[in-house]
Amino acid sequence: MTTSATDHELALTTDAPLHVIDAWWRAANYLTVGQIYLRGNPMLREPLTAADIKPRLLGHWGTSPALNLIYAHLNQLIVRRSLDVLYIAGPGHGGPAIVANTWLDGTYSELFPLIAKDGDGMLDLFRQFSAPGGIPSHASPGTPGSIHEGGELGYSLVHAYGAALDNPELVVACVVGDGEAETGTLAASWHLNKFLNPETDGAVLPILNLNGYKIANPAVLARIPEPELLELFRGYGYEPILVSGGFDDEDPMVVHAAMAAALEYAAERISQIRLEARSSESASRPTWPMIILRTPKGWTGPKEVDGVPVEGTWRSHQVPLAKVAENPEHLAMLEAWMRSYLPEELFDNDGRAMPVLSSIRPSGAKRMSALPASNGGLLLRDLVLPLAETRAVDISAGRGVTAEATRVLGGWLADVARLNPHTFRLFGPDETASNRLDGIYAVTDKQWLGITEPTDEHLARAGRVIEILSENLVEGLLEGYLLTGRHGLMNSYEAFIHVVDSMFNQHAKWLEVARDIPWRRPVASLNYLLSSHVWRQDHNGFSHQD
């Protein structure tokens with residue numbers, strides 16, 4: 001399905017008027033720009049002066065308008081369909097956009113009472129961004145609703161699939177940056193739709209943010225012909241839905257109509273896939289929908305600065321107006337930019353969001369910023385662990401007893417899987433059997449929705465083991481699974497585990513920061529079994545030694 005700004009047959013099928021979605025989008029854009037630039041005059045009650053501008057301008061504007069657009073439309077979809085949606089922001093430095101939406105949701109002020117839901121709170125929101133002792137430019141652990149920081153690119157989609165496992169009612173909306181899409185882990189992550197079981201797992205809705213540029217270069221996927229782009233994702237096993245617009249001064253309302261229709265279609269397809277899988281014995285792998293959102297980078301920002309194009313180019317990536325405090329022309333452009341969102345329509349005299357926005361604001365735990373799955377410790381339950389003694393090796397006969405440590409462990413893990421059928425998984429890069437953990441197959445199979453052959457063993461649509469020959473994907477699936485409140489173990493050869501060193505570091509940083517945030521509940525530990533140590537590697541050689 002292709003949804004574009006020129007499809008006249010499309011009509012809005014939602015209950016909420018498009019102008020409310022547009023108002024939310026404008027409000028989020030306004031708050032995003034304010035975080036990047038302002039330390040005073042948040043409501044623009046007076047003309048901007050140099051004293052209102054932060055002394056050091058930090059942040060990233062380019063990806064923010066699309067993140068805000070998607071958030072606004074997902075809000076409306078949640079209200080309309082009563083969905084549980086987890087929002088994962090993959091593009092780097094999208095933090096101010098997500099924070100803006102969580103403040104509009106009301107969740108931010110509930111968790112951080114000093115950042116009130118009024119004009120004073122708006123000013124505090126602006127001042128804390130990218131300031132000493134404040135908040136970073138990513139969707140960090142301090143960002144409500146986030147399980148993914150995005151500082152190191154490439155892990156959004158694999159985290160999304162890990163979060164969806166064993167969450168049958170969850171929809172994970174994963175925004176993938178077109179620069180991020182060039183990383184190895186993300187490029188491999190598209191294949192994870194072959195492991196998602198619509199009977200027992202949630203759904204992942206990838207949304208490719210195709211704004212055309214990275215920091216200083218064009219994005220690869222933005223510079224291939226559109227038919228090739230669509231065939232690429234069809235080849236991965238998705239049904240791509242193209243939403244394209246916002247160029248050449250096009251009316252944003254046309255894009256809103258296209259995006260609303262695309263999300264409604266995707267939600268209906270997900271519902272159909274689930275219904276079919278859960279009411280029949282169909283063994284076919286579903287073709288999940290995904291959305292390609294092609295809009296200008298830095299959309300609604302300055303079109304040209306100092307005679308050079310900015311909107312729709314790589315120049316909008318960070319701070320489009322970099323000399324605001326010392327350049328009166330730039331200062332005037334910033335004020336015109338912010339006033340273009342018509343803040344007087346969006347916020348009352350006290351700085352509170354206008355009541356009209358509440359019609360697309362989900363309530364309570366339905367808010368993406370308050371979804372329990374985004375704070376996995378709230379859902380965490382202790383594992384039921386079998387006694388180790390039940391699998392102890394009998395050495396009563398004395399010398400001559402032969403046993404393998406990991407083979408014994410495999411039997412014990414079988415007991416763990418049996419006792420925790422919905423909250424424990426074993427992940428590995430095609431090494432579960434070679435690591436002698438195959439005793440687990442006595443109680444469960446490997447989850448696999450690809451084509452099967454008669455010679456295959458232990459492959460099934462549902463299973464507690466997932467294997468794919470990418471340590472990065474295995475690591476990312478486990479992280480996503482843990483961060484949404486479950487337990488797991490990853491097994492790999494010691495010599496090859498270094499592939500995920502950086503991913504582990506990022507996860508450890510997340511845990512370290514989260515530990516100091518009172519409302520973040522602890523999640524389960526990340527567990528590795530490293531095998532094939534230095535001894536007895538004569539058949540493999542030095543390549544397999546650490």
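Below, all heavy atoms of this structure are taken into account, side chains as well, without hydrogens, waters or symmetry copies.
When only modelled atom types and interatomic distance are considered, His19 and His256 share no side-chain donor-acceptor pair under 3.5 Å. For the residue pair Tyr341 / Thr300, a side-chain donor-acceptor distance below 3.5 Å is found, with atom types taken as modelled. One side chain, Asp105 or Tyr71, offers a donor N or O that lies under 3.5 Å from an acceptor on the other.
Aromatic ring pairs are classed by plane angle as parallel below 30°, tilted from 30° to 60° and perpendicular above 60°; the pair Phe347 and Trp103 is tilted. Taking the six-membered ring where the residue is Trp, Tyr236 and Tyr238 present perpendicular rings, their angle passing 60° and hence far from 30°. The aromatic rings of Trp190 and Phe233 sit perpendicular, their planes meeting at an angle over 60°, well past the 30° parallel limit.
Side-chain atoms of Thr63 never come within 3.5 Å of backbone atoms of Pro91 as a donor-acceptor pair (strictly under, hydrogens ignored). Checked by atom type and distance alone, the side chain of Asp124 never pairs as donor or acceptor with a backbone atom of Gln128 at under 3.5 Å. Distance alone, capped at 3.5 Å, is enough to place a donor-acceptor pair between the Gln35 side chain and the Pro96 backbone. Remark: side-chain polar atoms of Asn375 are paired, donor with acceptor, to backbone N or O of Arg521 under 3.5 angstrom.
Residue-environment remark: NZ (Lys323) stays at or below the threshold of 12 foreign heavy atoms within 6.0 Å. Within 6.0 Å of atom CG in Asp516, more than 12 heavy atoms from other residues, nucleotides or ligands are found, so the atom counts as buried in its surroundings. Atom NZ of Lys214 has more than 12 heavy atoms from other residues, nucleotides or ligands within 6.0 Å.
Taking the charged nitrogens against the carboxylate oxygens, Glu231 and Arg234 do have a contact shorter than 4.0 Å, which makes a salt bridge. Ionic pairing of Glu344 and Arg339 is not present here: no N-O contact between side-chain nitrogen and carboxylate oxygen is shorter than 4.0 angstrom. Between Lys117 and Glu110 there is no salt bridge, since no side-chain N of the basic residue sits under 4.0 Å from a carboxylate O of the acidic one.
Contact check for Ser137 versus Phe129: side-chain heavy atoms found under the 4.5 Å cut-off.
Applying side-chain hydrogen bond (donor to acceptor under 3.5 Å, both in side chains) to His148 and the options His138, Glu479, Gln506, His159 leaves one that passes, His159.
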